[in-house]
Amino acid sequence: MLSLLGFGTIAIILLLLFTQRVAAIVALAGVPLAAAFLAGNSPSEVAGFVKDGLGGVVGVAAMFLFAIVFFGIMRDAGLFDPIIARIVRWAGSAPPTVAVATTALAVVAHLDGAGATTFLIAVPAMLPIYERLGMSRLVLATCVGLGAGVMNMVPWGGPTARAAATLGVDANELWVPLIPAQIAGVVFALGVAYYLGRRERTRLAKVAAGDASAVVEESTARVAERMSVGSGDTGSAVGDANEEPGSPSTGGDDADGPATASSDRALLRPKLFWVNAFLVIATLAALIAAIAPPETCFIIATIVALLVNYRGMKAQSARIEAHAVGAMLMVGTLLAAGVLLGVLDGSGMIESMAVSAANAIPDAMAPALPLIVGVFAVPMSLIFGPDAYYFGVLPVLIEVGDQFGVSAIDLAQASIIGEETVGFPISPMTGAFYLLVGLAKVDIGKHIRHTLGWAWLISLGMLGVAMATGAIPLWSS
């Protein structure tokens, strides 16, 4: 009963998010609360589930709130304008190159294995470029997510470390045999990014030709508005890359589209460029080095940014209010996700779902258990978070496989191919997911629909490479 209720809860939430029937907060918090009462829990028990769930996400919510305000202030001050000009000078104004550069940036940024850090570095850096060229923000979120997802297999990343803890082995023992598959995954991700970029170039050409059907909500490109999209040269679209670092880019008339990352020239602070650049670098360095909790880093950074760039209560309040609406909406979504996680865990639904999922595999197919796990690893990220899967589902799978001589290491490695690695950028069960969609300013359901197929395809390609290299067996004997 509990497992059916759990799977039904996830299914209804995903359906509501995909179809955009209700706000994300309503789906993420309302559905699990109703399920908790249907399971026979008392109001006091449900309140306990909610309290525990909120306690698990409050840090991420605080980080998100202050990170959005901080990067918003940096954008208002014009910090990203000359950086954008140089990136576009290197990447060109061709969407395929920009998309590939986005994924490459995410791959490099995720070397520390922290999804939140990757998204905080990659999305704010690339978003102004996408908006200037008119590229869809869904493509931005997908390209960043795919690059980060493939790199999330590193042994110091969450999934591999959790799997190693469950098996009681060294994380390198699981990761090293999968290195060829991970390298292939990086190549696959860059290939998908290139394809998505080519598709964007075609769409933008249609918009420029007056085709209203090619206009998408997540793009700044509109019919009768000239967008600077080419095959590689930047022309006047990106301004002069030889400008002084503190000078705002002047890439065209305002009527033709956004010329700078900042929408109000009165807010620009070109004389403070190097001060703001140092502040961003210092904040990210503190984040990566774990000098303090992420939320503390961004609270301090936001305070300093306001004091340095905008003097007086009126100016500072205006900057906070300018970015508060979007930030608070996503903070509410994060807290609602905390309710979902708290209810699923506290009510015992997750544990029951794990047992049911493992028992659903026929005995005759047990020798192919690693293959089955590898194939469905990405979609399982929609249902099970990293803790729930690696500490709840994986031990049950290991127990089932042990009866048929299936290696626990094979099962763990098959899981690492996709479960909360390539699949974590589409998982509503992780806080970093909400950070990605919030920073990219995309709808949750649209992002999952746009990214799921590509993430699954890359995971299957990596699984094929892992099988070809002998890391994961096709059939355990």
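Numbering of residues begins at 1 and proceeds along the displayed sequence. All of these numbers come straight from a predicted model, not from anything done at the bench.
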> Going by distance alone, is a donor N or O of one side chain under 3.5 Å from an acceptor N or O of the other, for S3 and S356?
Replying inline: yes
>> Looking at every non-hydrogen atom in both residues, tell me the closest pair between N276 and A77 and how far apart they are.
In response: ND2-CB, 3.8 Å
> Looking only at heavy atoms, what is the nearest atom pair of L178 and A471, with distance?
Replying inline: CD2-CB, 4.1 Å
>> Does Y195 have more than 12 heavy atoms from other residues, nucleotides or ligands lying within 6.0 Å of its OH?
In response: no
> Distance only, no hydrogens: is a donor on one side chain within 3.5 Å (strictly under) of an acceptor on the other, for S415 and Y389?
Replying inline: yes
> Would you find a donor on one side and an acceptor on the other, under 3.5 Å apart, between the side chain of S381 and the backbone of S427?
Replying inline: no
>> Regarding E420 and T430, do their side chains bring together a donor and an acceptor under 3.5 Å, going by distance alone?
In response: no
> For atom CZ of R449, is the number of surrounding heavy atoms from other residues, nucleotides or ligands below 6.0 Å larger than 12?
Replying inline: yes
> Short question: side chain of T302, backbone of F66 - any donor-acceptor pair under 3.5 Å?
Replying inline: yes
> Which pairs count as salt bridge (Lys or Arg N to Asp or Glu O under 4.0 Å) when at least one residue sits in residues 156-167, sequence neighbours excluded?
Replying inline: R162-D387
>> Is there a side-chain contact (heavy atoms from CB on, under 4.5 Å) between V186 and M151? Walk through the geometry before answering.
In response: CA-CA 8 Å; V186 171; M151 290 303 294; 4.2 Å; yes
> Going by heavy atoms in the side chains, are D443 and V437 under 4.5 Å from each other?
Replying inline: no
>> Under the rule for side chain to side chain donor-acceptor pair (under 3.5 Å), what residues qualify as partners of T469, not counting sequence neighbours?
In response: none
> Going through the distances and angles, do L335 and I25 end up as a side-chain contact (heavy atoms from CB on, under 4.5 Å)?
Replying inline: CA-CA 8 Å; L335 295 176; I25 292 176; over 6 Å; no
> Which atom names give the shortest non-hydrogen contact between L133 and L204, and what distance separates them?
Replying inline: O-CD1, 3.6 Å
>> Rounded to the nearest 0.5 Å, what separates atom CG in D345 from atom CG in D52?
In response: 8.0 Å
> Going by heavy atoms in the side chains, are V139 and R199 under 4.5 Å from each other?
Replying inline: no
>> Side chains of P428 and I10, heavy atoms from C-beta outward: is any pair under 4.5 Å?
In response: no
>> Less than 4.5 Å apart, side chain to side chain, heavy atoms only: is that true for L174 and L167?
In response: yes
> Minimum heavy-atom separation for H110 to T118, with atom names?
Replying inline: ND1-OG1, 2.7 Å
> Looking at A181 and I417, what are the two nearest heavy atoms and their distance?
Replying inline: CB-CD1, 4.3 Å
>> Main chain of H447, side chain of T451: is a donor-acceptor contact present, judged purely on distance under 3.5 Å?
In response: yes
> Are any of the side-chain nitrogens in K446 or E217 under 4.0 Å away from the carboxylate oxygens of its partner?
Replying inline: yes
> How long is the gap from CG on L65 to CD1 on I299, to the nearest 0.5 Å?
Replying inline: 8.5 Å
>> Can you see whether Q413 engages W175 through a side-chain donor-acceptor pair at a distance of less than 3.5 angstrom?
In response: no
> Can you tell me if T142 uses its side chain to pair, donor with acceptor, with the backbone of L138 under 3.5 Å?
Replying inline: yes
> Once you round to the nearest 0.5 Å, how far does OH of Y310 lie from CZ of R319?
Replying inline: 6.0 Å
> So, do W454 and F188 sit near enough that their side-chain heavy atoms are less than 4.5 Å apart?
Replying inline: no
> Would you say Y390's side chain and E419's backbone share a donor-acceptor pair under 3.5 angstrom?
Replying inline: yes
> With distance as the sole test, does N41 use its side chain to make a donor-acceptor pair with the main-chain N or O of V46 at under 3.5 Å?
Replying inline: no
> Can you tell me if Q182 uses its side chain to pair, donor with acceptor, with the backbone of V150 under 3.5 Å?
Replying inline: yes
> Counting distance only, does the side-chain N/O of T103 pair as donor-acceptor with the main-chain N or O of C143 below 3.5 Å?
Replying inline: yes
> In Å and rounded to the nearest 0.5 Å, what is the CE to CD1 distance from M462 to I416?
Replying inline: 10.5 Å
>> If you define the side chain from C-beta out and look only at heavy atoms, does anything of I129 sit under 4.5 Å from M135?
In response: no
> Is the shortest heavy-atom distance from the side chain of M467 to the side chain of L371 under 4.5 Å?
Replying inline: yes
> How long is the gap from CG on L369 to CG on D402, to the nearest 0.5 Å?
Replying inline: 11.5 Å
> Should L28 and L340 be marked as a side-chain contact (heavy atoms from CB on, under 4.5 Å) after you check the CA-CA gap, both sets of side-chain angles, and the distance that decides it?
Replying inline: CA-CA 6 Å; L28 291 170; L340 167 65; 4.0 Å; yes
> Counting N and O atoms only, with roles assigned by atom type, does the side chain of W456 sit under 3.5 Å from a partner on the main chain of V375, one being a donor and the other an acceptor?
Replying inline: yes
> Do S219 and R203 have side-chain N/O donor and acceptor atoms under 3.5 Å apart?
Replying inline: yes
> Quick one: are L394 and L411 in side-chain contact, heavy atoms under 4.5 Å?
Replying inline: yes
> Which heavy atom of F424 sits nearest a heavy atom of A432, and at what distance?
Replying inline: CE1-CB, 4.0 Å
> Between the main-chain N or O of V442 and the side-chain N or O of R137, is there a donor-acceptor pair closer than 3.5 Å?
Replying inline: no
> In Å, rounded to the nearest 0.5 Å, how long is the span from OG1 of T160 to CG of N152?
Replying inline: 7.5 Å
>> Checking Q316 against N309 for the side-chain contact (heavy atoms from CB on, under 4.5 Å) test, could you report, in this order, the C-alpha distance in whole Å, the side-chain angles of both residues, the deciding distance, and whether it holds?
In response: CA-CA 9 Å; Q316 292 169 359; N309 290 279; over 6 Å; no
> Taking the inter-plane angle between the rings of F7 and F384 on a 0 to 90° scale, is it parallel (under 30°), tilted (30 to 60°) or perpendicular (over 60°)?
Replying inline: perpendicular
